[in-house]
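Comments concern the structure below.
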Amino acid sequence: MASLGPCSRCGERLTTATAVEVRREYRALSDLSRFRTWRERLVCRACAFDEAEQHDHPHGRPDVEQGRLL
C-alpha cells in the first residue's frame with residue numbers, strides 16, 4: 001500500500017486503509033444550501049474516532065465516572 005503521509009494529529013503513517021479525510025462544509029442559513037466542501041486534512045482512524053467523541057461529548061461521557069482534581 002502506498003503511504004499518504006503522516007496523520008496530521010498524531011503523526012502515524014497513513015495508508016488508503018487507515019486514512020480518514022476531514023472536510024469542512026459551509027451552508028447558507030436561509031435555505032441550507034451547501035456552498036463548498038474541500039479536504040482540510042488527513043487523520044488516522046483512531047484520531048478520527050477521538051475527535052468525534054470529543055465533539056459529541058466535550059466534557060466527557062455523562063455515564064462514565066470522572067476523576068477529581070482534589
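For R23, the CZ atom sits in a packed shell: over 12 heavy atoms of surrounding residues, nucleotides or ligands are nearer than 6.0 Å.
Between V43 and the options D50, V20, L14, a side chain to side chain contact (heavy atoms under 4.5 Å, CB included) holds for only V20.
Annotation: side chain to side chain donor-acceptor pair (under 3.5 Å) contacts of R41 (sequence neighbours excluded): E51.
No donor-acceptor pair under 3.5 Å is formed between the side chain of R9 and the backbone N or O of A48.
For the pair G11 and P6, the tightest heavy-atom approach, listed with the atom from each and the gap, is O-CB, 3.8 Å.
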